Amino acid sequence: MIEGATQPPPASLDASKEALIFIRGVQKTLGSQKVLRGVDLEIRKGETLVILGRSGGGKSVLLKMLIGLMSPDEGTIIFDGTNLSDLNERELAPVRRRFGMLFQGAALFDSLDVAANIAFPLREAGERNPEVIEKKVREALALVGLDGQQKKMPVNLSGGMRKRVGLARAIVTRPECILYDEPTAGLDPISTDGIDRLIKDLQNRFHVTSIVITHDLGSAWKIADRVAFLHQGRILEVGLPSDICGAKNPLIQDFVAGRCGEHSLV
Amino acid sequence: MRNLAARLGKRFVAFASGTGGTILLGAEALEALFAGRPRWGLFLQHILDIGWRSQLVVLVTGAFTGAVFAAQTFFQFNKVGMESAVGAIVSIAMCRELGPVLSGLMVAGRVGAAMSAEIGTMKVTEQIDALRAMGVNPVDYLVVPRALAMMISMPLLVAECIAVGILAGYFVGVDLLRIPGAYFVNNMLHFTSWTDVVTGCVKGLVFGVLIVFVACKQGLDAKDGAVGVGRATTEAVVVSSLIILIANFFLTMGLNIIFPVL
Ligand SMILES: Nc1ncnc2c1ncn2[C@@H]1O[C@H](COP(=O)(O)OP(=O)(O)OP(=O)(O)O)[C@@H](O)[C@H]1O
Ligand SMILES: [Mg+2]
């Protein structure tokens, strides 16, 4: 029904019930800059939504808002029926534990080694058995191709390895919703394909809802059920990958073709 | 002129909001003590960091302060033939003022700086956001264990500083400057009461709390990358040192009401 619509559907109770995450009219000013100017978007249960957009367009800010790390100046974000702005920091904690998040800069705890970083969310979820923790950490590391690196400290990892450890930490608790901020940035093509498959695999096996920010169009077309294009603080277009590829908007055409045309010079 | 007024006004607003923020952090930590999950592992680790690893600094500070204070008191009192009072003067001064204030300043420099730098780095590298994203409250995880560890460690460090200072005073006064040992000790015990020791430890506790919340607040508010962490660290040390000196005056006056000097 909404599939492939170029305009987001009007706000209605139905949509807010059906969507796992429901974003309406979200605005945010950071410093003197209006970063988000009214974002409307729904994320459905079990889908993989890719967010595309120019660098500095506010994608990471939007992602952080989805788990309440930043709060919108205007507008609402409803996750599974709860309006996040109604919750205080302490009440947000149980909501956040249903998410996994990979930060753009990985944000590993640099006082803890790789194994302890990945074990962290497990311990917070109440897992106490060291054998279970070790096993789960090893599995998560194996999924990102880093088994055997448990004892390294984050400062001694390469950029791509850090990213993958961050990914392992985000998925180790099998959250129902995972937010990926550029999961494949800085990775070689083989690792990139591995991560793409992992994201798809998590979706297929555990019905994870994924929101992926990426600049890698190859990955985007591979993993996306739907694609949203964020530009100048608004969602310019949302639809199937094929809709985005064939979009009329010249800016999106330039973006997809990887060309710096007259429309792209902001 | 107006420019100056505006700048002063800005400084004042910054000062007021910083003070307010630090007090709020204290209140939040108090709430977290009941609402959050206790983290004994972190608490023990910070006891080790704050209490155990500050030993050398506090011991050296106490020893040389006691020694130099004994020597100077002796030089002056010797003129009027009152050298037997040196022990009492050293012990009271160490207990009531020198022990707590100097330990406080040293710990502010050593521990306060480390805390704000560590927490500030975590802030600017999004590690605090990562904590929050995993449903961990940064106050529970970072502030409460440090505050508890500091509240245990500081009074003990102060007591230690006092003891070493008095011992060093004894060594200088009796062994080096030949004050009769019995006079030194007798006068000291006669004029020093347990309330002097309590005063020192209470001051230590208060200073410890001030250091923790100032340093953690600076760290949690750090922004603008490495420069910001540097700024937060400097601010933490400067502000907590000044607050220690200022609070010390009011504590002296306040504690004098509770434990009046007869
Ligand atoms: N904490 C902050 N304070 C002030 N401005 C900020 C802050 N965080 C982000 N911004 C600004 O918001 C804008 C959007 O940033 P954001 O990180 O969301 O971009 P992005 O779309 O993720 O870009 P990229 O693709 O390069 O990661 C940028 O102009 C940035 O300078
Ligand atoms: Mg980003």
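Note that the coordinates shown come from a computational prediction; the quantities given were computed from them, not determined experimentally. So that the names make sense, note that chain A is the first sequence line, chain B the second, and so on, each numbered from 1.
Between the side chains of B:Glu28 and B:Asn137, no donor-acceptor pair is found at a separation under 3.5 Å. In this model, a donor atom of one side chain and an acceptor atom of the other lie less than 3.5 Å apart for A:Ser85 and A:Asn83. A donor-acceptor contact closer than 3.5 angstrom links the side chains of B:Thr252 and B:Lys203.
In this structure, chain B has no heavy atom under 4.5 Å from any part of A:Arg98. Looking at B:Leu131, the atoms closer than 4.5 Å to chain A (heavy atoms on both sides) sit in the backbone and in the side chain alike. For A:Leu69, the parts sitting under 4.5 Å from any heavy atom of chain B are the backbone and the side chain alike. Interface residue B:Met122: only side-chain heavy atoms are found under 4.5 Å from chain A.
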Worksheet item: Can A:Glu131 and A:Lys135 be said to form a salt bridge (Lys or Arg N to Asp or Glu O under 4.0 Å), step by step?
Response: CA-CA 6 Å; A:Glu131 277 158 34; A:Lys135 182 167 151 283; over 6 Å; no
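No more than 12 heavy-atom neighbours from other residues, nucleotides or ligands sit within 6.0 angstrom of CD on A:Glu134. Heavy atoms from other residues, nucleotides or ligands lying under 6.0 Å from CZ of B:Arg7 number 12 at most.
Between B:Glu118 and B:Arg146 a salt bridge is recorded (basic side-chain N to carboxylate O distance below 4.0 Å). Comment: A:Lys59 does not engage A:Glu182 in a salt bridge, judged by the lack of any side-chain N to carboxylate O separation of less than 4.0 angstrom. Contact check on A:Asp225 versus A:Lys200 returns a salt bridge, with a Lys/Arg side-chain nitrogen under 4.0 Å from an Asp/Glu carboxylate oxygen.
For the options A:Arg90, A:Gln104, A:Met101, A:Arg169, heavy-atom pairs under 4.5 Å to chain B are most numerous at A:Arg90. Chosen from A:Arg96, A:Lys64, A:Glu89, A:Met70, the residue pairing most often with chain B at heavy-atom distances under 4.5 Å is A:Arg96. Most heavy-atom pairs under 4.5 Å with chain A, from the set B:Thr121, B:Val136, B:Thr125: that is B:Val136.
Residues of residues 108-119 of chain A lying under 4.5 angstrom from chain B, judged on non-hydrogen atoms, are A:Leu108, A:Phe109, A:Asp110 in numerical order.
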